[in-house]
Amino acid sequence: MRLKVALVAACTLAFGIVSADAASARTTVIIDGGGWGHGIGMSQYGAYGRALRGDSAKKILQHYYSGSDVATRDMSFIRVGLLQGRTEITASSAPMSAGGGLVVFKVQGTKGRIAKGGPDATFRVVRSGTGGMRIYKNGNLVKKDGHRVFGSSSTPVVMKYEMHDSLVSIGGKSYRYAYGRMEFSTYSSSCGDVKVCLRLVLVLPMQKYVYGLGEVPSSWPDAALRTQAIAGRTYAYEKILRNDQKLYPCACAVYDSVIDQAYIGDAKRTGSGAYWDDWKSAVDDTRGQVVVYHGDPIQAFYSSSSGGYTENNENVWGGTAVPYLRGVPDGPDAVSANPNHTWRVTMGWRAFKSVVQSHYSVGDLQHVDFPKP
């Protein structure tokens with residue numbers, strides 16, 4: 001016996017009437033679906049397909065964000081949460097070019113250096129039970145003017161490197177960083193035997209933040225790259241305005257992961273190869289541009305693929321309908337490069353039953369019925 005379930009977006013049940021006899025161990029469940037991600041706002045593959053047919057970045061954005069426009073806003077620095085809940089964080093450096101590689105530590109608001117070192121140095125920042133931080137260079141505790149503990153929750157220890165043409169590696173992170181500065185600080189929470197945790201925030205100009213977004217390949221058409229640059233900038237800028245860069249526990253505006261947006265630092269440059277200049281130009285040519293609705297920056301949600309139709313925000317996450325996050329048809333999402341415009345999953349009834357039970361706690365699933373609306 002074969003049970004077919006239709007899906008129109010990733011993990012979203014669609015039209016059709018289907019039922020199954022749970023007693024039959026021979027039942028096969030076939031799930032036909034389309035799309036990848038939450039399906040709200042812009043489809044990245046849809047933007048790719050629209051760019052291929054000649055649509056401009058503005059036209060693409062206005063399609064996915066109903067009633068929107070593109071405007072220019074002044075913006076400066078963004079705080080990106082890299083690590084939280086740590087007892088210690090390690091850092092090392094490499095030269096960006098000949099003669100580079102130096103990093104310098106200081107307490108924010110002071111002029112004197114705590115420590116410095118080049119590519120041959122490894123630094124370890126360790127939280128102190130009193131709320132400050134200890135710094136070790138190549139295993140040796142750093143002492144400065146009789147002090148062994150530096151900074152606090154409100155006074156970060158800053159590591160500077162961009163001005164010294166250096167690339168920084170951070171323990172626990174996969175990417176290296178060329179832009180901005182690192183801020184180490186503590187906050188009250190349970191981390192082991194001491195109720196003080198360590199966090200790391202990257203602070204850099206918005207433009208350089210967008211340089212490091214790893215959301216789409218740099219080889220995509222120019223209009224698609226511009227679209228992504230504007231959408232990524234808008235997403236971050238709106239969060240800065242809404243949360244004042246004070247999210248807990250990161251003390252940041254955005255995280256560097258898909259919790260917000262995938263920020264991959266210098267890996268965007270090194271991984272783009274010959275296409276790096278294309279991505280950088282798209283970011284530079286759209287400097288300060290954001291998507292607005294009635295003059296205010298929007299929550300510019302986007303995902304990989306819509307499967308042919310985007311979704312109303314309230315249908316996915318509940319809550320109040322947002323006027324610019326309306327479901328719209330998205331035929332160009334079917335571009336040949338998209339591996340997830342349509343897909344199929346086949347499983348036995350017992351496996352299907354287990355998945356449904358684990359996600360929705362329905363108890364002993366006996367049959368499935370998807371009536372037409």
Side-chain angles (χ1 to χ4, degrees), residues 76-93 103-110 114-115 122-137 139-144 147-161 168-177 179-204 206 209 212-214 235-265 299 317 319:
S76 55
F77 287 82
I78 182 169
R79 298 176 58 84
V80 183
L82 300 185
L83 293 171
Q84 307 84 38
R86 302 303 175 104
T87 59
E88 65 178 49
I89 298 172
T90 59
S92 59
S93 64
V103 297
V104 175
F105 288 81
K106 59 177 292 186
V107 175
Q108 187 177 78
T110 66
I114 300 173
T122 297
F123 291 92
R124 185 162 56 99
V125 180
V126 181
R127 58 87 199 263
S128 164
T130 59
M133 288 153 278
R134 292 186 174 88
I135 301 173
Y136 294 82
K137 178 181 178 182
N140 299 312
L141 179 64
V142 171
K143 304 173 186 177
K144 181 71 173 180
H147 296 285
R148 301 184 179 189
V149 177
F150 306 93
S152 65
S153 58
S154 59
T155 309
V157 168
V158 178
M159 181 175 67
K160 295 189 174 183
Y161 51 91
V168 168
S169 297
I170 300 295
K173 306 304 293 185
S174 301
Y175 310 114
R176 299 194 296 182
Y177 305 92
Y179 298 126
R181 66 178 185 269
M182 299 288 178
E183 291 188 0
F184 301 82
S185 65
T186 57
Y187 62 100
S188 297
S189 188
S190 180
C191 284
D193 57 344
V194 178
K195 292 187 177 181
V196 176
C197 292
L198 185 63
R199 62 190 168 202
L200 178 62
V201 178
L202 171 63
V203 184
L204 73 171
M206 177 64 81
Y209 166 74
L213 289 182
Y235 179 93
Y237 183 56
E238 189 277 335
K239 288 203 72 174
I240 289 174
L241 298 179
R242 179 157 46 96
N243 298 314
D244 196 27
Q245 311 217 60
K246 294 179 180 178
L247 290 175
Y248 178 85
C250 66
C252 67
V254 295
Y255 291 92
D256 66 336
S257 71
V258 292
I259 293 174
D260 285 305
Q261 301 183 112
Y263 178 80
I264 62 174
Q299 291 181 276
W317 292 329

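Once rounded to the nearest 0.5 Å, the distance linking CG of L82 with CG of L202 reads 5.0 Å. Atom CE in M206 sits 3.5 Å away from atom CD1 in I240 (nearest 0.5 Å). Distance check: L198 CG to I89 CD1 gives 4.0 Å after rounding to the nearest 0.5 Å. Here the CZ atom belonging to R127 is positioned 6.0 Å from the SG atom belonging to C191, to the nearest 0.5 angstrom. Between the CG atom in L141 and the OH atom in Y136 there is a gap of 5.0 Å [rounded to 0.5 Å]. A distance of 16.0 Å separates CZ in F150 from CD in Q108, rounded to the nearest 0.5 Å.
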Under the side chain to side chain contact (heavy atoms under 4.5 Å, CB included) criterion, do D256 and Y177 qualify, and how do the steps go? CA-CA 12 Å; D256 66 336; Y177 305 92; 4.3 Å; yes
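Annotation for I78 and A253: closest pair CG1-CB, 4.1 Å, computed over non-hydrogen atoms. In plain terms, the two heavy atoms of T155 and V107 that are nearest each other are CG2-CG1, 3.4 Å. Contact between T122 and S92 at its shortest, heavy atoms only, is OG1-CB, 4.4 Å. Here the closest non-hydrogen pair linking A236 and Y209 is CB-CE2, 3.7 Å. Heavy-atom minimum distance, G81 versus C252: N-CB, 3.5 Å. Taking both residues in full, the closest heavy atoms of A91 and I170 are given as CB-CD1, 3.8 Å, listed atom of the first, atom of the second, then distance.
Taking the side chain as every heavy atom from C-beta outward, V201 and M182 never approach each other to under 4.5 Å. Looking at V157 and V125, their side chains never come closer than 4.5 Å, going by heavy atoms from C-beta outward. Proximity of Q261 to Y235: side-chain heavy atoms (C-beta onward) are separated by under 4.5 Å at one or more points. Side-chain contact between L83 and F184 is absent, with no heavy-atom pair separated by less than 4.5 Å.
The salt bridge (charged side-chain N to carboxylate O under 4.0 Å, His left out) test applied to R86 returns no partner, not counting sequence neighbours. In this structure, the side-chain contact (heavy atoms from CB on, under 4.5 Å) partners of K137, at least two apart in sequence or on a different chain, are A121, F123, V142. Not counting sequence neighbours, the partners of E238 by the salt bridge (charged side-chain N to carboxylate O under 4.0 Å, His left out) test are R242. Residues that satisfy the salt bridge (charged side-chain N to carboxylate O under 4.0 Å, His left out) test with K160, not counting sequence neighbours, are absent from this structure. Checked against side chain to side chain donor-acceptor pair (under 3.5 Å), Y263 has no partners two or more places apart in sequence or in another chain. Residues passing the side chain to side chain donor-acceptor pair (under 3.5 Å) test with R176, sequence neighbours excluded: none. Partners of S153 by side-chain contact (heavy atoms from CB on, under 4.5 Å), not counting sequence neighbours, listed by chain and number: T186. For the side chain to side chain donor-acceptor pair (under 3.5 Å) test, residues two or more places apart in sequence or in another chain that qualify with R199 are S185. Qualifying salt bridge (charged side-chain N to carboxylate O under 4.0 Å, His left out) partners for R124, counting only residues two or more places apart in sequence or in other chains: E88. Residues forming a side chain to side chain donor-acceptor pair (under 3.5 Å) with N140 (at least two apart in sequence, or on another chain): none. For I264, the side-chain contact (heavy atoms from CB on, under 4.5 Å) criterion is met by Y175, A267, K268, not counting sequence neighbours.
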Using a 3.5 Å cut-off and no angle test, enumerate the donor-acceptor pairs between side-chain atoms of residues 244-251 and protein atoms at least two apart in sequence or in another chain.
{"from": "D244", "atom 1": "OD2", "to": "K246", "atom 2": "NZ", "distance (Å)": "3.3"}
{"from": "Q245", "atom 1": "OE1", "to": "R79", "atom 2": "N", "distance (Å)": "2.6"}
{"from": "Q245", "atom 1": "NE2", "to": "F77", "atom 2": "O", "distance (Å)": "3.1"}
{"from": "Y248", "atom 1": "OH", "to": "S188", "atom 2": "O", "distance (Å)": "3.3"}

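The residue from E183, M133, K106 that alone fulfils the side-chain contact (heavy atoms from CB on, under 4.5 Å) condition with P156 is E183.
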